[in-house]
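Worksheet: the structure to be examined is printed underneath.
Numbers restart at 1 for each chain; the letters A, B, ... are given by sequence-line order, proteins then strands.
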Protein chains: 2
Amino acid sequence: MASRTDTKTRILDAAEKLFAERGFSETSLRLITSKAEVNLASVNYHFGSKKELIRAVLARYLDVFMPNAAIEIKRLHNAPEDASLNEIFSALIKPLLELNKVRNGGTIIFLQLLGRGYIESQGHLRWFITTHYGEHLATFVKAVVASAPHIPPAEMFWRLHFTLGTIVFTMASADALNEIAAADYGEHNNTEAIIRKVIPYMAAGVAVPVLNN
Amino acid sequence: MASRTDTKTRILDAAEKLFAERGFSETSLRLITSKAEVNLASVNYHFGSKKELIRAVLARYLDVFMPNAAIEIKRLHNAPEDASLNEIFSALIKPLLELNKVRNGGTIIFLQLLGRGYIESQGHLRWFITTHYGEHLATFVKAVVASAPHIPPAEMFWRLHFTLGTIVFTMASADALNEIAAADYGEHNNTEAIIRKVIPYMAAGVAVPVLNN
DNA sequence: GATTAATTTAAACGGGTGTTTAAATTAACT
DNA sequence: AGTTAATTTAAACACCCGTTTAAATTAATC
């Protein structure tokens, strides 16, 4: 049933790397299959279409991250009753960094894929994520809402999407930003350092009181 | 020298709309020229290439926005000595909304174009913006730094890019988010309402004290 | 009004895209 | 081993892309 290192896996490995760094539509199946050293037609044979390959690439990460994230959130919630926003966001660090064990650079690849997915393909991936992982997402949202009860639900909806934009854009530009930061400030940040920078920013933004003017 | 409504302008008008809603590489010259009701070859005749058309589309907005934004920031800075971050960010609202007078929906189109530019074309547009409008950008950055002197420069560099990600991603997804918000919370936000929501979030995030652990 | 320049047009160019096909190969099973 | 199923392969398909060309048309200049 399987060949040398599984054609399916070789395709996924090559695809996720290219998708993350150049985007979905900028990455051709011919480039993927040549990097993976498999035949062009094998993508359609194993995945059916490019669109389904994209979903498979994302699913491989979401299937690991989402359950782990939900577990960490629940663990927080069961303990000191109400966790701070910083604690809730920080609880996602471990699940995120564990993706590095799945694959080298897995954390940043995952976040970049997420961003590409949300921005490039209006809808179809957003639908895929919310329908397949809606339960886990709800766990996270509930914890955030409980931690910032002074923010009305509608406002929280917007702010959580602000956080998504913050982290997703940051990770998509992480390499370029790191280069500039290194040149201008002598800073060298890895993925974890950037995540730890962005969390206080997001937590403060989500919790800031709503002006009623 | 000019025909009915200037072929050049017809192309720019059609292109910016399509670029904003589908991205640069997802928008073909054939689609642009058919919407603009001009000949396919006229893009290359008037602009030289697709890449130069993209820059021309962005420049038309940046040339209006950047000077206006710098003026507003300077006006703030000369008055009550030190403006709050909320005031500084809010000073950008007027220049942003004035883009709606340039063209219907100009504000959101501009912000969406900016986001597409930063995410899609790693580098070449980023270079174009910083070299052509660096002075105006510096005015803004200086005001922010002065308003939050407790944030080290290197940290501020990252946080300002967080804000860029926040607003750019939000605007790129604005239509989709608005649909969800309308369905789930009965909310109907225009571009200005979303901008006014995002500013407190960004201001709080930029100013939050840095943890030294 | 004739001549020159600027613009528009239709057509083709060369190349890249995702997908499909049918034959060749490899693996699995009785 | 022989047969069936799964996989890999090379080639072609139909289509879309940005760009270029050369002729037709329109505008400007003398």
Side-chain angles (χ1 to χ4, degrees), chain A residues 1-59 113 116-117 119-125 128, chain B residues 1-59 113 116-117 119-125 128:
Chain A
M1 191 176 282
S3 60
R4 11 172 208 179
T5 2
D6 209 44
T7 303
K8 228 167 157 174
T9 307
R10 296 177 68 86
I11 294 173
L12 287 169
D13 288 347
E16 66 169 33
K17 196 164 180 295
L18 293 166
F19 283 155
E21 60 190 33
R22 354 170 109 228
F24 299 118
S25 61
E26 305 279 2
T27 305
S28 69
L29 295 183
R30 282 170 176 80
L31 182 57
I32 293 170
T33 51
S34 78
K35 289 265 183 199
E37 299 181 84
V38 302
N39 188 272
L40 167 62
S42 58
V43 171
N44 288 290
Y45 176 77
H46 284 288
F47 297 95
S49 69
K50 186 180 181 181
K51 198 174 269 188
E52 288 174 80
L53 169 64
I54 293 173
R55 280 203 283 265
V57 163
L58 257 162
L113 288 173
R116 303 276 185 196
I119 289 169
E120 271 196 44
S121 56
Q122 306 267 21
H124 102 85
L125 267 181
F128 171 74
Chain B
M1 190 175 282
S3 60
R4 9 170 211 180
T5 0
D6 209 43
T7 303
K8 230 167 154 173
T9 306
R10 295 177 68 85
I11 293 172
L12 287 169
D13 288 346
E16 67 170 32
K17 195 163 180 296
L18 293 166
F19 283 156
E21 60 190 32
R22 355 169 107 229
F24 299 118
S25 61
E26 304 279 2
T27 304
S28 69
L29 296 184
R30 283 170 175 80
L31 182 58
I32 293 169
T33 51
S34 79
K35 289 266 182 197
E37 300 182 83
V38 300
N39 187 273
L40 167 61
S42 58
V43 171
N44 290 72
Y45 177 77
H46 285 289
F47 297 96
S49 69
K50 184 181 182 180
K51 197 175 271 187
E52 288 174 79
L53 170 62
I54 293 173
R55 281 202 284 266
V57 163
L58 257 162
L113 288 173
R116 303 278 185 195
I119 289 168
E120 271 196 43
S121 56
Q122 306 267 19
H124 102 86
L125 267 180
F128 171 74

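Whole-Å rounding puts the B/Asn44 CG to D/dG18 P distance at 9 Å. Atom OH of A/Tyr45 is separated from atom C1' of D/dA11 by 19 Å (rounded to the nearest Å). One can place CD1 of A/Ile11 at 12 Å from P of D/dT7, the figure rounded to the nearest angstrom. Atom-to-atom, CG of A/Leu18 to P of C/dT17 comes out at 12 Å; the value is rounded to the nearest Å. Atom-to-atom, CZ of B/Phe47 to C1' of C/dT7 comes out at 14 Å; the value is rounded to the nearest Å. Between the C1' atom of C/dG16 and the CD1 atom of A/Ile32 lies a distance of 14 Å, rounded to the nearest Å. What separates CG of A/Asn39 from P of C/dT20 is a distance of 15 Å, to the nearest Å. Atom CZ of A/Phe19 and atom C1' of C/dG18 are 12 Å apart (whole Å).
Side-chain contact check for B/Leu58 versus B/Phe19: every heavy-atom pair is 4.5 Å or farther apart. Using a 4.5 Å heavy-atom threshold, the side chains of B/Leu29 and B/Asn44 count as touching. Side-chain contact check for B/Lys50 versus B/Ile32: every heavy-atom pair is 4.5 Å or farther apart. In this structure the side chain of B/Lys8 reaches within 4.5 angstrom of the side chain of B/Phe47, judged on heavy atoms.
Between D/dC17 and B/Ser28, a contact under 4.0 Å exists linking OP1 or OP2 to a side-chain N or O. Taking 4.0 angstrom as the limit, A/Thr7 places none of its side-chain polar atoms (N or O) nearer than this to OP1 or OP2 of D/dT7. The shortest distance between the side-chain N/O atoms of B/His46 and the OP1/OP2 oxygens of C/dT8 is below 4.0 Å.
No hydrogens or angles were tested; on distance alone, a donor-acceptor pair under 3.5 Å links the side chain of B/Arg30 to the base of D/dG18.
One distance of note links CG of B/Leu113 with CD of B/Glu21; it measures 10.5 Å at 0.5 Å rounding.
Using a 4.0 Å heavy-atom distance criterion, A/Thr33 is classed as making no nucleic acid contact.
Counting only heavy atoms from C-beta on, B/Lys50 has its side chain closest to D/dG18 among C/dT7, C/dT19, D/dG18. In the set C/dA10, C/dT20, C/dT8, C/dA10 carries the atom at the smallest distance from any side-chain atom of B/Ala41.
Position along DNA chain C of the nearest nucleotide to B/Leu40 versus A/Glu26 favours B/Leu40 as the more 5'-ward residue.
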